[in-house]
Amino acid sequence: MSKKNQNNTGCNFFNYSIEKNFNKAAKFISVDNGILDQIKECNSVYRMHFPVKIDKKIKIIKAYRVQHSHHKLPCKGGIRYSSKVNQDEIIALAALMTYKCAIMDVPFGGAKGGIKIDPQSTSKENIEKITRRYTYELIKKNFIGPGIDVPAPDYGTGEKEMSWILDTFTSLRPGDINALACVTGKPISQGGVRGRKEATGLGVFYGIKEFCSIKEEMSSIGLDVGISGKRIIIQGLGNVGYHTANFFYKSDAKIIALAEREGAIYNKNGLNVSKVISHLKNTGSILNFPDAVNIEKTEKALEIECDILIPAALENVIHKYNAHKINAKIIGEAANGPITHEADSILEKKGIVIIPDIYLNAGGVTVSYFEWLKNLSHVRYGRVEKKFSENMNGELLNIIETICKKTISEKEKKIILRGANEIDLVRSGLEDTMVSCFHKIRNLKKSLNIQNFRTTSFLLAINKIIDSYEKLGIFP
Ligand code: GLU
């Protein structure tokens with residue numbers, strides 16, 4: 001492995017961790033190795049350099065869009081803005097998208113994009129200029145479109161960037177009736193779907209909650225069933241980490257530590273997440289929160305004893321140098337690739353259960369799929385059937401009241417009569433996808449007696465991709 005391709009933990013994220021995980025799962029599959037190679041290989045890499053005038057000077061911006069797999073179209077995956085963006089990283093993340101979509105039965109190929117800029121130190125105006133120019137480059141090479149490749153938010157991007165992408169796309173593709181579906185994670189007013197913003201965090205919550213509801217799993221690691229009272233540490237308070245923390249907090253879990261770039265805060269009795277967020281907004285940092293002690297070295301927060309550790313920021317934060325110090329019973333990978341392959345084996349030997357990224361953080365792309373469908377159908381979820389359901393519920397209620405000779409209170413009526421809104425449908429669709437997928441993975445794990453959820457998740461994903469290649473008739 002060349003020095004250049006190694007990060008500070010001495011490990012190439014793509015070639016090493018993902019490939020190793022893939023190969024472990026492939027041992028359970030008897031298929032022509034050529035098919036496995038085709039699945040593993042990255043299909044297209046578009047590396048671009050473009051000039052942007054920033055503060056009266058021309059700056060050359062380096063960016064990527066990687067389409068890992070075309071077995072289903074469009075390709076799908078977020079765009080990250082970070083000064084650490086590099087080609088290997090984006091290829092790795094695109095590969096994870098392929099497996100993530102396959103596992104969740106979201107009918108897309110995997111992709112990822114990245115722009116090498118630091119969004120913290122770049123002005124909003126300049127980020128807009130760079131985003132629009134990046135979109136223009138994608139259009140020029142046919143790397144974006146509702147049926148080609150559909151970007152979404154990722155680390156360092158959000159609704160704002162998605163709006164600029166949409167606006168640039170629609171202005172260059174006038175008359176395209178499906179143009180809204182060229183990007184997901186948009187604001188509601190721009191064709192976004194309710195529930196997308198918090199979808200990854202909510203998916204993480206649903207996935208861990210499902211695991212924690214199974215007595216057999218919990219007693220094997222010495223924990224009681226349920227989320228309530230569990231000691232949780234979350235690393236990263238971006239969109240994913242923040243919503244994850246909030247959903248656990250509202251379910252009576254104890255968030256004992258929160259870690260950010262500048263340091264971490266700890267309170268063994270649990271932190272009030274909404275108060276931490278207001279403190280962060282007021283002071284610009286989570287540090288010096290009145291009800292907590294500061295931990296200066298943020299990575300030390302990962303080593304505190306807890307029940308559930310949730311890395312929700314960047315890749316490779318748990319590596320061979322700190323894995324043996326991890327003191328959690330469960331690790332839920334809200335980030336993409338937070339555990340290196342070497343760390344994975346160390347943690348497994350310690351008996352820590354890992355709920356892997358390609359399943360656990362797939363709530364984002366699942367709801368992106370709902371958004372894409374909404375855009376293509378040109379109608380809000382629930383718009384057509386809401387009133388009909390309410391009328392039907394009303395009639396049923398009248399019949400029940402007549403038969404039982406009882407009247408139901410106005411308060412109860414309100415609950416029973418209500419038809420589903422967009423947010424109800426999106427959330428229940430997400431919950432159903434996360435829960436049913438968890439059981440598919442768990443059943444496969446049990447039936448083949450596989451040691452861990454990661455290998456099983458890869459196996460499930462690879463099997464689905466093989467199936468779709470076979471049905472395509474590509475491999476006789
Ligand atoms: N960036 C998110 C991920 O890594 C979402 C991708 C999408 O919605 O397309 O899963």
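Both ligands and their constituent atoms are indexed starting at 1 by order of listing. Worth saying up front: this structure is predicted, and the values here are computed from it rather than measured. Hydrogens, waters and symmetry mates play no part in the numbers below; they use all other heavy atoms, side chains included.
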Less than 6.0 Å separating the ring centroids of [X] and [Y]?
X	Y	result
Y46	Y64	no
F247	Y206	no
F205	F248	yes

I'd like to know if [X] pairs up with [Y] as an ion pair, taking the criterion as any Lys NZ or Arg NE/NH1/NH2 lying under 4.0 Å from an Asp or Glu carboxylate oxygen.
X	Y	answer
K20	D344	no
R132	D167	yes
R80	E315	yes
E422	R194	yes
R454	E333	yes

Original post:
Looking only at heavy atoms of P153, does any of them come nearer than 4.0 Å to an atom of ligand 1?
Top reply: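 Yes, P153 has heavy atoms under 4.0 Å from ligand 1.
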Subject >> contact_flag R80 ligand 1 heavy-atom lt 4.0 Å >> reply: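 Outside the 4.0 Å threshold, so no.
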Subject >> Derivation of the side-chain contact (heavy atoms from CB on, under 4.5 Å) call for L180 and L166 >> reply: CA-CA 7 Å; L180 275 182; L166 173 68; 3.6 Å; yes
**OP:** Give the contacting part of L96 toward ligand 1: side chain, backbone, both or neither, where contact means a heavy-atom distance below 4.0 Å.
**Re:**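 Near ligand 1, L96 shows nothing, with every heavy atom at 4.0 Å or more.
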Original post:
Got an N/O contact under 3.5 Å between R196 and ligand 1?
Top reply: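 Min N/O separation from ligand 1 is below 3.5 Å for R196.
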Subject >> Contact (N/O only, under 3.5 Å) between T184 and ligand 1 >> reply: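 No: no nitrogen or oxygen of T184 is under 3.5 Å from one in ligand 1.
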Original post:
Parallel, tilted or perpendicular for F108 and W372, by the 30°/60° rule?
Top reply: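 Taking W372 first and then F108, their aromatic rings stand perpendicular (interplane angle over 60°).
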Among protein heavy atoms, which sits nearest to [atom], and what does the distance come to when rounded to 0.1 Å?
atom	result
atom 9 (O) of ligand 1	K76 NZ, 2.8 Å
atom 8 (O) of ligand 1	S368 OG, 2.6 Å
atom 7 (C) of ligand 1	A152 CB, 3.3 Å
atom 10 (O) of ligand 1	K100 NZ, 2.7 Å

Suppose I only count heavy atoms of [X] and a 4.0 Å limit; which atoms of ligand 1 are within that range?
X	value
N336	4 (O)
G77	9 (O)
K112	1 (N), 3 (C), 4 (O)
G364	8 (O)
G78	1 (N), 6 (C)
M97	3 (C), 4 (O), 6 (C), 10 (O)

